[in-house]
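The structure appears right after this line, and notes come after that.
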Amino acid sequence: MKNIKFLLYIFLIAIVSSCIPNKDLVYLQNKKGTEHSVEIDQAFSKPYKVQVNDILNVSIKALDQRLVEMFNPSSSQGQQQGQLMMSQNGLYFNGFTVDDHGNIRVPVLGEVNVLGFTVDEIRQTIEKRLSDEYFKTEARLFVNVKLAGLRYTINGEIGSPGTNILYQDSATIMEAIANSGDITITGNRKKVQIIRKMPHGYETHYLDLTDSEAIKSPYFYIQPNDYIYIKPLPQKSWGTGTTGMQTVGTIITALSLITTTILLSRNL
């Protein structure tokens, strides 16, 4: 009888400790227990400043497009090349990569320093140089500068690990995770690691994505070349199952084996 009670006690402990609670799976919960909206500081969503190895897409237009063809390296390669520009390989070969000195090489204009500037500041710089050095106001220049997508790498307990690109001006870590197949049930949503490249080196930060306060963090918005790592929960290494039914099945199997072993040892 004592052995049965002991086994039942072990059984209950194992169920409680090995199952993954629902609160560890739900994103952006209101943990303060009150109904409130979370305000985001404007400083957290300020424009991104270009860094070394970023890729920019620069296009220049005018009333007479022939006047600016020389500034657009792919403008004369047809519609097929234009479609290639939308692919990752096309952006790499036809975009403007920021070199180690913080410059991009624009046709005719030559070296243009862009390090530490926003895309809007870069647009104004290129537009001003073209107007001052090559064109008059009547040319009606239209310069468009964009980051060649938000490139990030995500690894660990995620549906589709790897390097992805989001073709938009800004994106949150939630969008990056959704774009990569969501965090698996054994992924630790409370301690998502973000490694970010900064001018002075790399910084590491952790986000608790089960807490709605996470949206106040400057790391809630991803930046180009972010590395996101989803750590596994302890339940994965225990191997008892991730849901209640899986855990019960595993433990019943183990208890059956133990009981059988005890009975056989008594009969010997």
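With no hydrogens or angles considered, no side-chain donor-acceptor pair links Asp211 and Tyr27 at under 3.5 Å. Checked by atom type, the side-chain pair Ser180/Asn164 shows a donor-acceptor distance below 3.5 Å. For the residue pair Asp54 / Tyr48, a side-chain donor-acceptor distance below 3.5 Å is found, with atom types taken as modelled. Counting only N and O atoms by type, the side chains of Asp208 and Thr210 include a donor and acceptor under 3.5 Å apart.
Nearest heavy-atom pair, Gly159 versus Thr184, reported as atom, atom and distance to 0.1 Å: N-CG2, 4.2 Å. Listed here is the closest heavy atom pair of Leu150 and Ala171: CD1-N, 3.6 Å. Of all heavy-atom pairs between Tyr229 and Gly156, the closest is CE1-CA, 3.7 Å. Residues Gln223 and Gln51 approach most closely at OE1-NE2, 4.3 Å, considering heavy atoms. Contact detail for Ile154 and Ser160: the closest heavy-atom pair is CG2-O, 4.2 Å. Closest heavy-atom contact between Pro161 and Asn155: CB-OD1, 3.8 Å.
With rounding to the nearest 0.5 Å, the separation of CZ in Phe135 from CG in Leu130 is 6.0 Å. Considering CD of Glu157 and CG of Leu233, their distance stands at 8.0 Å, rounded to 0.5 Å. Atom CZ in Arg189 sits 14.5 Å away from atom NZ in Lys23 (nearest 0.5 Å). Separating the OG1 atom in Thr204 from the CD1 atom in Ile194 is a distance of 9.5 Å, to the nearest 0.5 Å. Separation of atoms CZ (Phe96) and CG (Leu56) is listed at 9.0 Å; rounding is to 0.5 Å.
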Could you please spell out the steps behind the side chain to side chain contact (heavy atoms under 4.5 Å, CB included) verdict for Leu115 and Val50?
-> CA-CA 5 Å; Leu115 185 64; Val50 170; 5.7 Å; no
Run the numbers on Ile228 and Val192 for side chain to side chain contact (heavy atoms under 4.5 Å, CB included), then give the verdict.
-> CA-CA 7 Å; Ile228 304 168; Val192 176; 3.8 Å; yes
How far apart are the C-alpha atoms of Asn103 and Val98, what are their side-chain angles, what is the distance that settles it, and do they pass the side chain to side chain contact (heavy atoms under 4.5 Å, CB included) test?
-> CA-CA 5 Å; Asn103 299 321; Val98 183; over 6 Å; no
For Asp99 and Glu111, what are the C-alpha separation, side-chain angles and deciding distance, and is it a side chain to side chain contact (heavy atoms under 4.5 Å, CB included)?
-> CA-CA 10 Å; Asp99 63 25; Glu111 305 285 348; 4.0 Å; yes
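Side-chain atoms of Glu175 come within 3.5 Å of backbone atoms of Thr172 as a donor-acceptor pair (strictly under, hydrogens ignored). Of the possible donor and acceptor atoms, one in the side chain of Gln65 sits under 3.5 Å from a partner among the backbone N and O of Ile60. Judged by distance alone, the side chain of Ser212 and the main-chain N or O of Gln29 form a donor-acceptor pair under 3.5 Å. With hydrogens and angles disregarded, no donor-acceptor distance shorter than 3.5 Å links the side chain of Arg151 to the backbone of Thr163.
Criterion: ILVMFWY side-chain heavy atoms under 4.5 Å apart, direct or through other members. Under it, Ile165 and Ile195 are not part of a common hydrophobic cluster. In the hydrophobic clustering of ILVMFWY residues, with side-chain heavy atoms under 4.5 Å counting as a link, Leu141 and Val108 come out together. Using a 4.5 Å cut-off between side-chain heavy atoms of Ile, Leu, Val, Met, Phe, Trp and Tyr, with links allowed through other members, Ile104 and Tyr134 fall into the same hydrophobic cluster. Under the 4.5 Å side-chain contact rule for hydrophobic residues, Met174 and Ile183 share a cluster.
Counting side-chain heavy-atom gaps under 4.5 Å among Ile, Leu, Val, Met, Phe, Trp and Tyr, Val26 is found in no cluster with other residues.
The number of heavy-atom neighbours closer than 6.0 Å to NZ of Lys231, taken from other residues, nucleotides and ligands shown, is above 12. More than 12 heavy atoms of other residues, nucleotides or ligands lie within 6.0 Å of NZ in Lys197, so this atom counts as buried by the packing criterion.
Two residues are said to be in side-chain contact when any heavy atoms from C-beta on lie closer than 4.5 Å; Val114 and Val119 fail this criterion. Looking only at side-chain heavy atoms (C-beta outward), Ile215 and Leu28 come within less than 4.5 Å of each other. Between Ile230 and Asn188 there is no side-chain heavy-atom pair separated by less than 4.5 Å. Contact of the Asp169 side chain with the Leu147 side chain is not registered, since no non-hydrogen atoms from C-beta on lie closer than 4.5 Å. By the 4.5 Å heavy-atom criterion applied to side chains, Pro47 and Phe117 are not counted as neighbours. Between Val112 and Arg105 the shortest side-chain heavy-atom distance does not fall below 4.5 Å.
Judged by a 6.0 Å distance limit and a 45° cone about the ring axis, Arg196 is positioned over the six-membered ring of Tyr219.
Partners of Tyr227 under the ring-ring contact (aromatic ring centres under 6.0 Å, His included) rule, at least two apart in sequence or in another chain, do not exist in this structure. In this view, Asn144 and Ser59, Phe142, Lys146 satisfy the side-chain contact (heavy atoms from CB on, under 4.5 Å) rule, not counting sequence neighbours.
Comment: Asp120 engages Arg123 in a salt bridge, judged by a side-chain N to carboxylate O separation of less than 4.0 angstrom. A salt bridge does not link Glu69 to Arg66: none of the charged side-chain nitrogens sits closer than 4.0 Å to a carboxylate oxygen. Using a 4.0 Å cut-off between a side-chain N of Lys or Arg and a carboxylate O of Asp or Glu, Lys190 and Asp24 qualify as a salt bridge.
Considering Asn225, Asn179, Asp226 in turn, Asn179 is the only one that fulfils the side chain to side chain donor-acceptor pair (under 3.5 Å) rule with Tyr152.
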